[in-house]
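Below is one structure; the comments refer to it alone.
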Amino acid sequence: MKPFFRRLRRPALLGTLRRTTPLSDFWGFDRGTPVDRYYIESFLAEHRDDVRGRVLEVQSSGYTDRFDSGVERRDVLDVDPANPRATILADLAAADAVPSDAFDCFILTQTLHLIFDVRAALRHAHRLLRPGGVLLATAPVVSRISASAPTDSWRFTPAAFERLLGEAFGGGEVAVRAYGNVLTGIAFLTGMAREELSRRELEAGDPHFPVVVAARAVKR
């Protein structure tokens, strides 16, 4: 009888991935661009027309600057008082002191999984927007646990993300999209960089194996 491996029609040749430690301990930053950034930035590029007026972003204004489509004022929200870029110091889940109806756009990327009370954070995100204001949010479906963030708490399926945003935005418009496939999920978990994958591989979408979920939500 042939060995089991040889009897397989399509044996999986794991090569450098046949290991119990990742290729990168930093999501692939030390190898290039992390895979999830490709999807986050594709989503923001698609909705760059929403990045206008008064814009709020978490931790830095990097994406506000990059996708500026008529920004009049940019603010940075952070819970860390040591962040010199922060213009608003607050925990998004307890942001009662931040004025309501203040922003035209809120860029909230890869943050909600670090907040235990996600529902409270999304209620505040909705409250901070002006009527007609837009939340551009992304979250991980799969990702390594952050060693530097002890509050890393959640991963989101597209169904859960849509339900949470639907609750927070009431009758507002909510559109959810998932990005990724089994190959890019494996690549991201092991720390491969975006540059090590082809555009065709990155662009393939599989609803059963998303890497990132993104949503555009409009306040009624």
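- A donor-acceptor distance shorter than 3.5 angstrom exists from the side chain of T138 to the backbone of Q110, with no hydrogens or angles considered.
- With salt bridges taken as basic N to acidic carboxylate O contacts below 4.0 Å, none links R52 and D50.
- One hydrophobic cluster, built from ILVMFWY side chains closer than 4.5 Å, cannot hold both V58 and V79; they sit in different ones.
- Within the 4.5 Å cutoff, side-chain heavy atoms of L197 are placed close to those of V35.
- We find that R54 and E72 are not joined by a salt bridge, their nearest charged nitrogen and carboxylate oxygen being 4.0 Å or further apart.
- Judged purely by distance below 3.5 Å, without hydrogens or angles, the side chains of E203 and Y179 never pair a donor atom with an acceptor atom.
- One distance of note links NE2 of H126 with CG of L128; it measures 10.5 Å at 0.5 Å rounding.
- If you check the side chains of N83 and D78, you find a donor sitting under 3.5 Å from an acceptor.
- Between the side chains of T33 and E195, at least one donor N or O sits under 3.5 Å from an acceptor N or O.
- Nearest heavy-atom pair across A90 and V98 is CB-CG2, 4.0 Å.
- Remark: D80 CG to D91 CG distance equals 12.0 Å, nearest 0.5 Å.
- Remark: side-chain polar atoms of D152 are paired, donor with acceptor, to backbone N or O of S146 under 3.5 angstrom.
- Taking CZ of F67 as the start and SG of C105 as the end, the distance is 11.5 Å to the nearest 0.5 Å.
- Judged by distance alone, the side chain of K219 and the main-chain N or O of G132 form no donor-acceptor pair under 3.5 Å.
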- Message: Set out, in order, the CA-CA distance, both residues' side-chain angles and the distance that settles side chain to side chain contact (heavy atoms under 4.5 Å, CB included) for L164 and V118, then state yes or no.
- Response: CA-CA 8 Å; L164 287 165; V118 176; 4.1 Å; yes
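- Side-chain N or O atoms of E162 include none that pairs as donor or acceptor with a backbone N or O of A159 at under 3.5 Å.
- Remark: the R127 side chain and the S100 side chain contain an N/O donor-acceptor pair separated by less than 3.5 Å.
- At least one donor-acceptor pair closer than 3.5 Å links the side chain of W154 to the backbone N or O of I115.
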- Task: Test side chain to side chain contact (heavy atoms under 4.5 Å, CB included) on D104 and L129 and set out the steps.
- Result: CA-CA 6 Å; D104 297 291; L129 289 168; over 6 Å; no
- Determine, step by step, whether R194 and D36 satisfy the salt bridge (charged side-chain N to carboxylate O under 4.0 Å, His left out) criterion, reporting the C-alpha distance in whole Å, the side-chain angles of both residues, the deciding distance to 0.1 Å, and the verdict. CA-CA 8 Å; R194 168 258 178 276; D36 67 338; over 6 Å; no
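- A donor-acceptor pair under 3.5 Å is absent between the side-chain atoms of T190 and the main chain of M192, judged by distance alone.
- In this structure, R155 places its CZ atom where more than 12 heavy-atom neighbours from other residues, nucleotides or ligands lie under 6.0 Å away.
- The side-chain heavy atoms of F43 and L136, taken from C-beta on, include a pair separated by under 4.5 Å.
- Side-chain contact check for V141 versus V212: every heavy-atom pair is 4.5 Å or farther apart.
- Salt bridge annotation for R177-E46: present, with a cationic side-chain nitrogen under 4.0 angstrom from a carboxylate oxygen.
- To the nearest 0.5 Å, atom NE2 of residue H208 and atom CG of residue N181 are 13.0 Å apart.
- R216 CZ to L165 CG: the interatomic distance, rounded to the nearest 0.5 Å, is 12.5 Å.
- Using a 4.5 Å heavy-atom threshold, the side chains of D68 and V55 count as separate.
- Looking at R144 and W27, their side chains come closer than 4.5 Å, going by heavy atoms from C-beta outward.
- Of all heavy-atom pairs between G28 and P34, the closest is C-CG, 4.4 Å.
- Contact record, S153 with T151: OG-O, 2.6 Å, taken as the closest heavy-atom pair.
- Within the 3.5 Å criterion, the main-chain N or O of A160 finds a donor-acceptor partner in the side chain of T157.
- The cluster map of Ile, Leu, Val, Met, Phe, Trp and Tyr, joined by side-chain heavy atoms under 4.5 Å apart, puts F26 and L114 in different clusters.
- Look at R130 and D101 and you find no salt bridge, because none of the NZ, NE, NH1 or NH2 atoms lies under 4.0 Å from a carboxylate O.
- For the pair A121 and L112, the tightest heavy-atom approach, listed with the atom from each and the gap, is CB-CD2, 4.0 Å.
- Closest of all the heavy-atom pairs between P158 and V176 is O-CG1, 4.0 Å.
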- Message: Go through it in stages, so that I can follow the logic: the residues are D75 and R73, the test is side chain to side chain contact (heavy atoms under 4.5 Å, CB included), and I'd like the CA-CA distance, side-chain angles, deciding distance and then a yes or no.
- Response: CA-CA 7 Å; D75 283 285; R73 175 174 170 179; 3.2 Å; yes
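- Residues F169 and V213 share a single hydrophobic cluster, defined by chaining ILVMFWY side chains whose heavy atoms lie under 4.5 Å apart.
- One finds a salt bridge joining R119 and E167 here, because a Lys/Arg side-chain nitrogen approaches an Asp/Glu carboxylate oxygen to under 4.0 Å.
- Looking at R66 and E41, a side-chain N of the basic residue comes within less than 4.0 Å of a carboxylate O on the acidic one, giving a salt bridge.
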- Item | Worked check of side-chain hydrogen bond (donor to acceptor under 3.5 Å, both in side chains) between Y39 and T184 | CA-CA 10 Å; Y39 297 124; T184 58; 3.2 Å; yes
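- The shortest distance between side-chain heavy atoms of F29 and S24 does not fall below 4.5 Å.
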- Task: May I have the step-by-step check of side chain to side chain contact (heavy atoms under 4.5 Å, CB included) for Y38 and V211, ending in yes or no?
- Result: CA-CA 11 Å; Y38 178 82; V211 176; over 6 Å; no
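- There is no path of hydrophobic side-chain contacts, each under 4.5 Å, that joins L89 to V76.
- Summarising the geometry of F161 relative to A215, their closest heavy-atom pair is CE2-CB, 3.8 Å, with the distance given to 0.1 Å.
- I107 contributes atom CD1, which lies 9.0 Å from atom CG of L56 (distance to the nearest 0.5 angstrom).
- Hydrophobic cluster membership is shared by L202 and I40, with clusters built from Ile, Leu, Val, Met, Phe, Trp and Tyr side chains linked at under 4.5 angstrom.
- Formation of a donor-acceptor pair under 3.5 Å by the E57 side chain with backbone atoms of Y63 is found in this model.
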